[in-house]
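Have a look at the structure below before the remarks.
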Number of protein chains: 2
Amino acid sequence: MTERSDLTDIADGLPGSEPEGRRSADSSERAYNTIRKLLVEFKLKPEERINEMQLSRSLGISRTPIREALNRLASEGFVSLTPNRGFFVRSLSTEGLLDLYELRSIIECAAFRLMCERAEDDQLDRLRAYWEAIVEGYQDHPPDIILTEDEGFHLLIAELSGNPEIVAQLAAINARIRFIRRIQIEHRTHDKRQVASHSAIVDAAMRRDTEQGVELLRQHIEMTVSATQQALKDALLKVFAPGDDDAKPRRRRF
Amino acid sequence: MTERSDLTDIADGLPGSEPEGRRSADSSERAYNTIRKLLVEFKLKPEERINEMQLSRSLGISRTPIREALNRLASEGFVSLTPNRGFFVRSLSTEGLLDLYELRSIIECAAFRLMCERAEDDQLDRLRAYWEAIVEGYQDHPPDIILTEDEGFHLLIAELSGNPEIVAQLAAINARIRFIRRIQIEHRTHDKRQVASHSAIVDAAMRRDTEQGVELLRQHIEMTVSATQQALKDALLKVFAPGDDDAKPRRRRF
DNA sequence: CGTCAAGAAAGTGTCGACACTATTGCGTTC
DNA sequence: GAACGCAATAGTGTCGACACTTTCTTGACG
């Protein structure tokens, strides 16, 4: 028998970073935010089939906006759609997560390179200012804040690359790995190194030292990944996701 | 007054590369393919507001699957959605196209690097085989075939990187720049150089000469871009898209 | 007992209708 | 004659209903 998640106690919330210019606060939007939250918090479990009617009842929203939200989530890789069978929660295997982190690393390093080449001095100042404004007490902030600040830092680099497609892409990736980053942050590993790492990246940017910066970024993300590995295992365990640890070890560049 | 495209003579067709595992041949899918074709062929003009009801009548499909298709196209960047006003055709400015090409270059170069590090020898053989199978008479093929073959070549590199996210990402980008690539191919510029370029890339791959290959790819795409510039202007002219040539020249890396 | 099939139940895909919002057109006022 | 506001129109966002497909249940047959 297929286990079904029990969906009582559903509420809104979640800041929800918007990659593209989109809706405001209609029914469809609420559905999107709520469902994504359910996914991120494992209220909807990996591989599980999503029941539109049940969701519709739980959220008090008709199926049309729910389907709209699910389609959007499908485009973003959160769920998948099988023709006459419906939507399924896409399980992020260890391997799948590493793939995403790898892509993120590729894009961020490229963004840094472009930023060094193109950004005006005052734009680089903005980056430094952004980081200096939050570095104070960074480690004492609650996890959600840290997550937002951290994403903001990296997104700012993307913005300073001058290429909006890079920004959109990075934002989309962030949305997909956010759940695991949150878990990792709650584990509070490597805090100090994270801070130092960001500061070093800012320094390299200010000197427009492309190669140094890219290397730092690569290491930064690699560090994040390794810190995430254990968090991931915990998360998967917590949710008893199906077998997932085989993953033939493939060498990674970050 | 807002000019409205006249949508008579609508038919299906278009191979339609699927980035993610998705639908089969339902109503929604047909709507998606048809509308994307309309967009790609400028039957729906940049900045134009898309009338769901009109589309619904033209295609003989109710608004629900049409909206589903439009949402999907929004996620892919073809159209945008403004809350109570509907969907609009997203104009791809010259600048926007260059952004996409730049992102493509970033991703493809990274894919090549990963392929050199990870792919088994027989996989690299597959790449060579793929290219050798089509290089014969490549230049004589009809544009659509060339386009498919060309995308296939680059997608294969992405696949051999071993990272499915890279494949998906590249496929999505391809879908968005396909219309201009088609125009460029029809212009038939640089055919010979294209062929030589691909062959050289294969050679570098076989030798696992990462740096050489990446450099070749970069040049290859840069060449494509420059060949595309004129084609783009023609296309925009042909469609009298709104002002779009200001684009402060930003230095690009490909 | 296990296998298979037919029927029942559940669920998705699509439709037409309606409420509410934006837009257009028209008449009034200054 | 132009600007404003109001009414009429057009269009989007959402809903409930229904047809068709998949899945589950039950009972007959080996």
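None of these values were measured; they are calculated from a predicted model. Chain letters run A, B, ... following the sequence lines, proteins first, then strands; residues in each count from 1.
Taking atom CZ of B/F88 as the reference point, atom C1' of C/dA22 lies 10 Å away to the nearest angstrom. Look at CG on B/N51: it is 14 Å from C1' on C/dT24, rounded to the nearest Å. Between the P atom of D/dG11 and the CG atom of B/L70 lies a distance of 15 Å, rounded to the nearest Å. With rounding to whole Å, B/M53 atom CE is found 8 Å from D/dA10 atom P. Summarising the geometry, the separation between CG on B/N84 and P on C/dA19 is reported as 17 Å, rounded to the nearest angstrom. Computed from coordinates, the B/F87 CZ to C/dA22 P distance equals 16 Å when rounded to whole Å. Atoms CD (A/Q54) and C1' (C/dA10) sit 12 Å apart, rounded to a whole Å.
With contacts defined as side-chain heavy-atom distances shorter than 4.5 Å, the pair A/E102/A/L98 does not qualify.
Ion pairing between A/R36 and A/E41 fails under the 4.0 Å rule for side-chain N and carboxylate O. Here B/E165 pairs with A/R176 in a salt bridge; the nearest charged N to carboxylate O distance falls below 4.0 Å.
When the side chain to side chain contact (heavy atoms under 4.5 Å, CB included) test is applied to B/A69, the partners found at least two apart in sequence or on another chain are B/A31, B/Y32, B/I35. Checked against side chain to side chain contact (heavy atoms under 4.5 Å, CB included), B/I134 has the following partners two or more places apart in sequence or in another chain: B/Y130, B/W131, B/E149.
Of all non-hydrogen atoms in B/R90 and B/S80, the two that sit nearest each other are CG-CB, 4.1 Å.
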Could you list all N or O pairs between the protein and nucleotides 14-18 of chain C that sit under 3.5 Å apart?
unit_1 : atom_1 : unit_2 : atom_2 : d
C/dT14 : OP1    : B/S27  : N      : 2.4
C/dT14 : OP1    : B/S28  : N      : 3.4
C/dC15 : OP2    : B/S62  : N      : 2.7
C/dC15 : OP2    : B/S62  : OG     : 2.8
C/dC15 : N4     : B/T64  : OG1    : 3.4

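Among the atoms of the strands shown, only primed sugar atoms or phosphate atoms (P, OP1, OP2) are found under 4.0 Å from some heavy atom of A/I50.
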